[in-house]
Amino acid sequence: MAVAAGAGQRFGKNRRLLTGRGFRFVFKRPWQSRGDGLRFYARPNDGDCDRLGIAVSRKVDAKAAGRNRIKRQVREFFRRHSEGEGNIGDRCVDLVVVAQKPCAAMDNAAIRDELRQHWRRLIRRHPRRSALPGVHSAT
RNA sequence: CGAGCCGGCCGGGCAGCCGCUGGCGGACCAUGAUCCGCCGGAGGAAAGUCCGGGCUCCCCAGGGCAAGGGCGCCGGGUAACGCCCGGGCGGCGCAAGCCGACGGAAAGUGCCACAGAAAACAUACCGCCGGACCCCGGUCCGGUAAGGGUGAAAAGGUGCGGUAAGAGCGCACCGCGUUUGCGGCAACGCAAACGGCACGGCAAACCCCGUCCGGAGCAAGACCGAAUAGAAAUCCCAUGGCGCGGCCCGCGCCGGAUUCGGGUAGGUCGCAAGAGGCGCCCGGCAACGUGCGUCCCAGAUGAAUGGCUGUCCACGACAGAACCCGGCUUACAGGCCGGCUCGUUUU
RNA sequence: UGGGGUGUAGCCAAGUGGUCCAAGGCACCGGGUUUUGAUCCCGGCAUUCCCAGGUUCGAAUCCUGGCACCCCAG
């Protein structure tokens, strides 16, 4: 069974969007949130956990190391805040995070700040059953 | 101690917690994009894609020729190279050292603006010298190329002799060329004799000579599954089946190959043990090679190394594998080791 | 990952197999014409020809290396 406390901390392949089909599903009818450096596209799924896809193109940052940095920040935030397994009663979402050009100039703290803003909008629209102590205590 | 040169190396460390990914082992009333344990998990440039290979498919299947392109002192190393090592020559530096697209201009074609008499078959503006004429300054004829002037570059340089003035005209030295001898595998060097101006520069101008090169690329390519359109063109019919004419045989269809168009974007393999790393012996000035021992060292496929906390310090640069090797080039905080040169001080 | 292309003034751009001045147009600025404006005429743009080396007497042009931007394939 799922370990209730640590369920949201994992980030296996079941928590990611792995195929082009998964991305297309989200982009078809997305809920959106736009900011300076990032955009969120989300859509409720039929699964039992949230899933994440990230898009950082070469136009954002031509250096591979720079793109990896952005993706790591997004992944780490999602790992610590999203809904894990055992939430059959909830409406979980597929989320795609797209990085925009200014993101390359932001430091890690700034990226996390923006992620928090988008995430707060997301949970207002798609409420969780479980509380989100991480978000409230972090801010 | 200061200034500098060369070679080699490192690229935050430790501890804890939460994660990611591959392999192996295990768990299950949920056999999966799951969970648990152990072990492995980015670079010196992984980069730019500038060269050289391996490996695949296509073409040719034997090689040659042509086109186009690369390379270019000599010798060696290497699977190969445009790389590396050693040497020669030239240049820079007091030196340690560093740098060099460094074959050919009497095979040919072409270019050298402006200036200048003349820019390559040489030639004569101002001059200098001799002669003639007019008469006190020039004109004409001839000789000459030292000096002036022009230019990026002016037809060997310097000195002495020589001369009407001059000139390789003669001589000495330097330079250049030819021949011979000697040293060296060679590039080349040294020496002697001879030649005298006969060979201006540019081949990163066309080119000549020598030498090397077929094309594409792992999203190559192979297989499984799904899906669309037994649709189009060309060829084959050796084997097999069916139909038609009585058989040989022929034709048509099924079938096979290639191409074009359309559809699909799921999985498996390729996919990591290699021209491999390290250590030692031997050969070699060295690059490197032979042998022995030892190690297994990333394999993802929306794509893995991160986050947080503590602590130490010089407060962390450039930057992320995507088929794999050998090089080159470019980016880079800081630091370590070894050798050498010059200067200064002290003994 | 692989392949290809382009960098010349604020913008669009031409440019030679090397030699005074790097065409031209738009825009902008100054002046003239006009009662004023448009048109028209004259003049101007003080451009490291993307950057760094090299060849050459001389390079936007030739050679080498680099940077930036754009496009294409699956």
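In what follows, every chain begins at residue 1, and chains take the letters A, B, ... in the order their sequences are listed.
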**Asked** Just wondering, are more than 12 heavy atoms of other shown residues or ligands nearer than 6.0 Å to CG in A/Asp36?
**Response** no
**Request:** Give a yes/no verdict on a cation-pi contact between A/Arg121 and A/Phe40, requiring under 6.0 Å between NZ or CZ and the six-membered ring centre and an angle within 45° of the axis.
**Result:** no
**Request:** Go ahead and name the base partner of C/G43; Watson-Crick or wobble counts if both distances stay under 3.5 Å, otherwise write none.
**Result:** C/C29
**Prompt:** Pick one for B/A132: is it syn, with its angle within 90° of 0, or anti?
**Reply:** anti
**Asked** In whole Å, what is the span from the CG atom of A/Leu52 to the P atom of B/G19?
**Response** 17 Å
**Request:** Go along nucleotides 303-311 of chain B 5' to 3' and tag each nucleotide: B for a protein heavy atom under 4.0 Å from its base, S when only backbone or sugar atoms are that close, - otherwise.
**Result:** SSSBSS---
**Asked** Does B/G245 fall in syn (glycosidic angle within 90° of 0) or anti?
**Response** anti
**Asked** Expressed in angstrom and rounded to an integer, what is the separation of A/Arg15 atom CZ from B/C20 atom P?
**Response** 10 Å
**Message:** What is the separation between atom CZ on A/Arg51 and atom C1' on B/G302, rounded to the nearest whole Å?
**Reply:** 13 Å
**Prompt:** Taking atom CZ of A/Arg15 and atom CZ of A/Arg51, what is their separation to the nearest 0.5 Å?
**Reply:** 10.5 Å
**Prompt:** Is the glycosidic torsion of B/G230 within 90° of 0, making it syn, or is it anti?
**Reply:** syn
**Item:** Separation of atom CZ in A/Arg69 from atom C1' in B/C318, rounded to whole Å
**Value:** 15 Å
